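Proteins come first, then strands; the chains are lettered A, B, ... in the order of their sequence lines, and each starts at number 1. Predicted model, so just to flag it, every value in this text is computed and none were measured.
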There are 2 protein chains.
Amino acid sequence: MTVPLPKQEASSKERLRLWLRMLRVTRQVEAELRERLRLEYDSTLPRFDVMAALQRDPDGLKMNELSRRLRVSNGNVTGIVERLVDDGAVERIALEGDRRATLVRLTAAGRRAFAEMATAHEGWINALLDGVSEDDAHHIGELLHRLPADTGETT
Amino acid sequence: MTVPLPKQEASSKERLRLWLRMLRVTRQVEAELRERLRLEYDSTLPRFDVMAALQRDPDGLKMNELSRRLRVSNGNVTGIVERLVDDGAVERIALEGDRRATLVRLTAAGRRAFAEMATAHEGWINALLDGVSEDDAHHIGELLHRLPADTGETT
DNA sequence: GTATGAAATTTCAAGCTTGAAGTATATCCC
DNA sequence: GGGATATACTTCAAGCTTGAAATTTCATAC
C-alpha cells in the first residue's frame with residue numbers, strides 16, 4: 001500500500017504562484033496610480049476611493065456605511081474624511097434625528113474634482129492592463145468571482 | 001463623415017471592472033493573511049515578505065538588494081529589518097570591504113520561525129483560492145504575465 | 001424615569017509606506 | 001592627493017491602516 005500524499009499538492013503550488021503574481025501586479029498598478037494621483041492631482045488612492053463611494057450617493061453616506069462599503073476600519077475613514085474636508089472636497093452634515101451619526105457627502109468642488117480624476121483613472125487602468133482583451137478581462141473576472149475572497153456588492 | 005469614437009471603450013470598461021475585482025480579491029486575501037499572521041504568529045505581512053526574501057539567500061542580502069527585490073523603499077526596509085532584529089529573527093552583519101553596506105540574514109531562530117509560517121501561509125492561500133483549479137490558476141497566471149505591470153524576476 | 005446595553009463615531013498607539021533630505025563611505029578623475 | 005560624484009543607508013514628516021479603548025447618544029427594559 002502506498003501512502004496517500006495530499007491530493008492537491010500540485011494545485012496548491014500553482015495557486016501560491018498565482019497569488020504571488022496577482023499580488024505583484026496589483027501592487028505595481030497601485031503604485032502607478034498612487035504616484036499619478038499624487039503628481040497630477042495632489043491626492044491619494046484612499047481619498048479617491050472615498051470620493052468614488054460618495055459619488056454614487058448624492059445625498060451622502062453615514063461614516064458607518066462608508067467604512068462598510070470600503071471595507072476599512074471606522075477610525076481609518078475618520079482620518080481620510082478629515083483630510084477631504086480640509087481639501088474642500090467633502091462636507092459633514094448633521095443627521096436629523098440621530099446626533100451620534102454624521103452624513104458625509106461630496107461638495108460641488110469635490111464632484112468636479114472627482115469627475116476629472118475618474119476619467120484619468122480609467123485611462124491609466126486601461127493602459128496598465130493593456131494586453132488583456134475584453135474577452136480575457138471578462139474571463140479572468142469570472143474566475144475571480146468564484147473565489148471565496150470575492151464577496152461583495154460593488155459592481 | 002461620422003466622428004470616430006475611441007475604439008476601445010468597451011474593453012476599457014471591462015478592464016476597469018477587472019481591476020476593481022482584482023483589487024478587491026487581493027485586499028481581501030491580504031487582510032486574511034495579515035490577521036492570521038498577527039493572531040497566530042504575532043507577525044506581519046511585511047515581516048513575512050522580508051523573511052521570505054532572506055530565506056532564499058542563506059548568506060544574507062544587502063539592504064539595497066532587499067529593497068530592490070521587495071520593490072519597496074530603502075527607508076521602509078530599514079524599519080522592518082529593525083523590528084525583525086528586535087524579534088531575534090534577523091541579524092545585521094558588517095560587510096567586509098564596504099563600510100557603507102550592511103548584510104542582513106536570518107538567524108537560526110528566524111529560519112525556524114519562517115519555515116513554520118511559510119507552511120501555514122501556503123495552506124491559507126490554498127484555502128482562500130479554493131475554487132481555482134490548477135488549470136485555471138495556470139491560465140490566469142499566463143494572462144497576468146503578459147501585463148506591462150508584471151515585470152520582475154521572482155519565480 | 002432610570003439603568004443598561006447597543007450603536008456611531010473618535011481617539012490612540014503601533015506599524016507600514018513613501019519621497020525627500022541627510023550622513024557616511026567609496027570611487028573617479030585630474 | 002584632493003575634489004566631485006555616486007552609492008549605501010538612515011532619518012524624517014506625512015499619510016494610511018488596524019484593533020482596541022474611549023465618548024457620546026440612542027433604545028430598551030424595568
Side-chain angles (χ1 to χ4, degrees), chain A residues 23 26-51 60-87 89-90 92-104, chain B residues 23 26-51 60-87 89-90 92-104:
Chain A
L23 196 55
T26 50
R27 281 184 180 171
Q28 182 66 41
V29 172
E30 275 194 285
E32 289 279 355
L33 297 178
R34 210 175 19 237
E35 184 179 8
R36 295 186 195 187
L37 279 176
R38 182 176 66 87
L39 295 177
E40 298 186 24
Y41 297 102
D42 192 25
S43 188
T44 68
L45 218 33
R47 297 212 252 263
F48 181 82
D49 289 344
V50 166
M51 292 175 81
L61 288 172
K62 292 202 308 181
M63 292 293 282
N64 219 0
E65 184 59 14
L66 201 43
S67 143
R68 202 183 59 73
R69 292 206 193 174
L70 299 174
R71 293 173 173 76
V72 300
S73 67
N74 289 343
N76 191 356
V77 174
T78 298
I80 299 172
V81 164
E82 201 167 296
R83 277 160 230 127
L84 283 172
V85 169
D86 291 348
D87 291 349
V90 142
R92 293 176 196 260
I93 297 162
L95 189 94
E96 293 293 309
D98 190 342
R99 287 189 299 174
R100 294 170 302 178
T102 319
L103 226 47
V104 178
Chain B
L23 196 54
T26 50
R27 281 183 180 172
Q28 181 67 40
V29 173
E30 274 194 286
E32 289 277 357
L33 297 178
R34 210 174 19 238
E35 184 179 8
R36 296 185 194 189
L37 280 175
R38 183 176 64 86
L39 295 178
E40 300 188 20
Y41 298 101
D42 193 25
S43 190
T44 68
L45 219 34
R47 297 213 253 263
F48 180 83
D49 289 344
V50 167
M51 291 175 82
L61 289 173
K62 292 203 307 181
M63 292 292 284
N64 218 359
E65 183 61 13
L66 203 43
S67 142
R68 201 182 60 74
R69 293 205 192 173
L70 299 174
R71 293 172 173 76
V72 299
S73 67
N74 289 343
N76 192 357
V77 175
T78 297
I80 299 172
V81 165
E82 202 166 295
R83 275 160 232 127
L84 283 172
V85 169
D86 291 347
D87 291 350
V90 142
R92 294 173 194 263
I93 297 161
L95 189 96
E96 293 293 309
D98 191 342
R99 287 191 299 173
R100 295 169 303 179
T102 318
L103 225 48
V104 177

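The side chain of M63(B) sits closest to dT10(D) out of dT10(D), dT9(C), dT18(C). Side-chain proximity of N64(B) to the nucleotides dT18(D), dT10(D), dA8(D) is greatest for dA8(D).
What separates CG of L39(B) from P of dG19(D) is a distance of 9 Å, to the nearest Å. At whole-Å resolution of the value, CG in D87(A) and C1' in dG15(D) are 12 Å apart. L95(A) has its CG atom 13 Å from the C1' atom of dA7(C), to the nearest Å. The interatomic distance linking E82(A) (CD) with dT9(C) (C1') rounds to 12 Å, in whole Å. Regarding N76(B), its CG atom lies at a distance of 13 Å from the C1' atom of dT11(D), rounded to whole Å.
One distance of note links CE of M63(A) with CG of N74(A); it measures 7.5 Å at 0.5 Å rounding. Between atom CE of residue M51(B) and atom CD1 of residue I80(B) there is a gap of 12.5 Å, rounded to the nearest 0.5 Å. Rounding to the nearest 0.5 angstrom, the gap separating the CG atom in L70(B) from the CG atom in N76(B) is 9.0 Å. If you take CG on L45(B) and CG on L23(A), they are separated by 7.5 Å, rounding to the nearest 0.5 Å.
In this structure, S67(B) reaches neither bases nor backbone, as no heavy-atom distance under 4.0 Å exists between it and the strands shown. At the heavy-atom level, V77(A) lies nowhere under 4.0 Å from the strands shown. Looking at heavy-atom distances under 4.0 Å, I80(A) makes contact with sugar-phosphate atoms alone, never a base. Contacts of R47(A) with the nucleic acid, taken as non-hydrogen atoms under 4.0 Å apart, involve only primed sugar atoms and P, OP1 or OP2. Contact annotation for T102(B): backbone-only contact, meaning every heavy-atom pair under 4.0 Å involves sugar-phosphate atoms and none involves a base. Here N74(B) lies in heavy-atom contact (under 4.0 Å) with a base. R92(B) comes within 4.0 angstrom of sugar-phosphate atoms only, judged by non-hydrogen atoms across all strands, and of no base.
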Completion exercise
For nucleotides 20-27 of chain C, 5' to 3', base contacts (B), sugar-phosphate-only contacts (S) and non-contacts (-) with protein non-hydrogen atoms under 4.0 Å give -----BS-

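Taking side-chain N and O atoms only, K62(A) has a distance below 4.0 Å to OP1 or OP2 of dA8(C). Remark: S73(B) is not in phosphate contact with dG19(C), judged by side-chain N or O atoms under 4.0 Å from OP1 or OP2.
Under the side chain to side chain donor-acceptor pair (under 3.5 Å) criterion, the residue pairs touching residues 32-47 of chain A are E32(A)-R36(A), with sequence neighbours excluded.
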Could you pull out every donor-acceptor pair under 3.5 Å between side chains of residues 93-103 of chain A and any protein atom, sequence neighbours left out?
unit_1, atom_1, unit_2, atom_2, d
D98(A), OD1, R100(A), N, 3.0
D98(A), OD1, R100(A), NE, 3.1
D98(A), OD2, R100(A), NH2, 3.0

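Residues R68(A) and E65(A) are paired through a salt bridge, judged by an N-O separation under 4.0 Å between the basic side chain and the carboxylate.
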